[in-house]
Enquirer: 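The structure under discussion is supplied below as structure tokens; questions concerning it will follow.
Note that the coordinates shown come from a computational prediction; the quantities given were computed from them, not determined experimentally.
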Amino acid sequence: MIQGGDPNTKAGSKDTWGMGGPGYTIKAEFSSKSHLRGMVSMARSQDPDSAGSQFFIVTSDSTFLDREYTVFGEVTEGMDVADKIVSLKRDGNDCPLEKTQMVRVTVE
């Protein structure tokens, strides 16, 4: 999977990436939607109700996440971009070695 939506990646140190949020949280809403390739889901910490601005795109079926994370959408075009991002060389924290950004994500 690839993850986005962390405000720390705009100006923060790389060691804080993946830990930022909008200053509020969203209550989890679990459904029967499965975490199959192309699904978009809310990223969070250990607390199911701790989601904020971060999200992830599933690049390969990950049904072990079902009813653990809130699915709220599906990629309708651009999975080739997600595939390129997930294929980049990464460090020990699973973060791409080179800065990689999703410049525009549209949710309809």
Enquirer: Keeping the roles fixed (side chain from S53, backbone from G5), state whether a donor-acceptor pair exists under 3.5 Å.
Expert: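 Such a contact is found between S53 side chain and G5 backbone.
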
Enquirer: Contact between E74 and V40 at the side-chain level, heavy atoms closer than 4.5 Å - yes or no?
Expert: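 They are not in contact (no side-chain heavy atoms under 4.5 Å apart), so the answer is no.
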
Enquirer: Is there a side chain to side chain contact (heavy atoms under 4.5 Å, CB included) between F55 and S41 once you walk through the steps?
Expert: CA-CA 6 Å; F55 63 93; S41 194; over 6 Å; no

Enquirer: Roughly how far, to the nearest 0.5 Å, is the CZ atom of R67 from the NZ atom of K33?
Expert: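 Reported value, rounded in 0.5 Å steps: 12.5 Å.
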
Enquirer: Tell me if the NZ atom of K99 is crowded by more than 12 foreign heavy atoms within 6.0 Å.
Expert: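 Yes.
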
Enquirer: Hey, is the main chain of E29 close enough, under 3.5 Å, to the side chain of S31 for a donor-acceptor pair?
Expert: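 Judged by distance alone, no pair lies under 3.5 Å.
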
Enquirer: Distance-only, no hydrogens or angles: does the D6 side chain make a donor-acceptor pair with backbone N or O of Q54 under 3.5 Å?
Expert: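 Checked: no pair found.
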
Enquirer: Grab the two heavy atoms, one from T70 and one from A28, that are nearest each other, plus how far apart they are.
Expert: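 Here T70 and A28 meet closest at OG1-CA, 3.5 Å.
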
Enquirer: Output the distance between atom SG (C95) and atom CD (Q3), rounded to the nearest 0.5 Å.
Expert: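 If we round to the nearest 0.5 Å, C95:SG and Q3:CD are 10.0 Å apart.
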
Enquirer: Could you check whether R37 pairs with D83 (Lys NZ or Arg NE/NH1/NH2 to Asp/Glu carboxylate O, under 4.0 Å)?
Expert: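 So R37 pairs with D83 through a salt bridge.
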
Enquirer: Test salt bridge (Lys or Arg N to Asp or Glu O under 4.0 Å) on D91 and K14 and set out the steps.
Expert: CA-CA 11 Å; D91 64 19; K14 189 174 181 178; 3.5 Å; yes

Enquirer: Can you list the steps and then say if F72 with M42 is a side chain to side chain contact (heavy atoms under 4.5 Å, CB included)?
Expert: CA-CA 7 Å; F72 67 91; M42 290 303 300; 3.4 Å; yes

Enquirer: Check this for me, if you would: do D49 and R44 make a salt bridge, where the nitrogen-to-carboxylate-oxygen distance has to be below 4.0 angstrom?
Expert: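 Looking at D49 and R44, the cut-off is not met.
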
Enquirer: Report the distance from atom CG of D80 to atom CD of E77, rounding to the nearest 0.5 Å.
Expert: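 Between atom CG of D80 and atom CD of E77 there are 9.5 Å.
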
Enquirer: Count the heavy atoms of every other residue, nucleotide or ligand shown that sit under 6.0 Å from NZ of K84, and state whether that count exceeds 12.
Expert: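 No - once you tally the heavy atoms of other residues, nucleotides and ligands closer than 6.0 Å, there are 12 at most.
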
Enquirer: Quick check: does any side chain N or O of T59 sit under 3.5 Å from a backbone N or O of M1, one acting as donor and the other as acceptor?
Expert: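 Flag set: sc T59 to bb M1 pair under 3.5 Å.
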
Enquirer: Quick one: closest heavy-atom pair of P7 and G20, and the distance?
Expert: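 So the minimum-distance heavy-atom pair works out to CD-C, 3.9 Å.
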
Enquirer: Are I2 and V75 connected into the same hydrophobic cluster when the rule is that any two of I, L, V, M, F, W, Y join if their side-chain heavy atoms are below 4.5 Å apart?
Expert: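 V75 clusters together with I2.
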
Enquirer: Considering all heavy atoms of both residues, which atom of V71 and which atom of M39 are nearest to each other, and what is their separation?
Expert: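 That would be CG1-CE, 3.5 Å.
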
Enquirer: How many angstroms lie between OG1 in T9 and CE in M19, if you round to the nearest 0.5 Å?
Expert: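 Rounded to the nearest 0.5 Å, the OG1-CE separation comes out at 12.0 Å.
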
Enquirer: Output yes when a side-chain donor or acceptor of N8 lies under 3.5 Å from a complementary backbone atom of T16, and no otherwise.
Expert: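 Side chain of N8 to backbone of T16: a pair is present.
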
Enquirer: Side chains of S13 and D15: any donor to acceptor distance under 3.5 Å?
Expert: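 Short answer, yes.
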
Enquirer: Do the non-hydrogen side-chain atoms of T63 and L36 ever get within less than 4.5 Å of each other?
Expert: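 They are in side-chain contact.
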
Enquirer: Is a side-chain donor or acceptor of T100 paired with a backbone partner of E98 at a separation under 3.5 angstrom?
Expert: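 Looks like yes, one N/O pair under 3.5 Å.
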
Enquirer: Report yes if some heavy atom in the side chain of I57 is under 4.5 Å from a heavy atom in the side chain of M79; otherwise report no.
Expert: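 They are in contact (side-chain heavy atoms under 4.5 Å apart), so the answer is yes.
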
Enquirer: With under 30° as parallel and over 60° as perpendicular, where do the rings of H35 and F56 fit, or are they tilted in between?
Expert: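 Rings of H35 and F56: parallel, as their planes differ by under 30°.
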
Enquirer: Please tell me if the side chains of P48 and F30 come closer than 4.5 Å, counting only heavy atoms from C-beta onward.
Expert: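 Yes, their side chains come closer than 4.5 Å.
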
Enquirer: Rounded to the nearest 0.5 Å, how far does CG of D47 lie from NZ of K27?
Expert: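 Reported to 0.5 Å precision, the distance equals 9.5 Å.
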
Enquirer: Between S50 (side chain) and S45 (backbone), is there a donor-acceptor pair under 3.5 Å?
Expert: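 Checked: pair present.
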
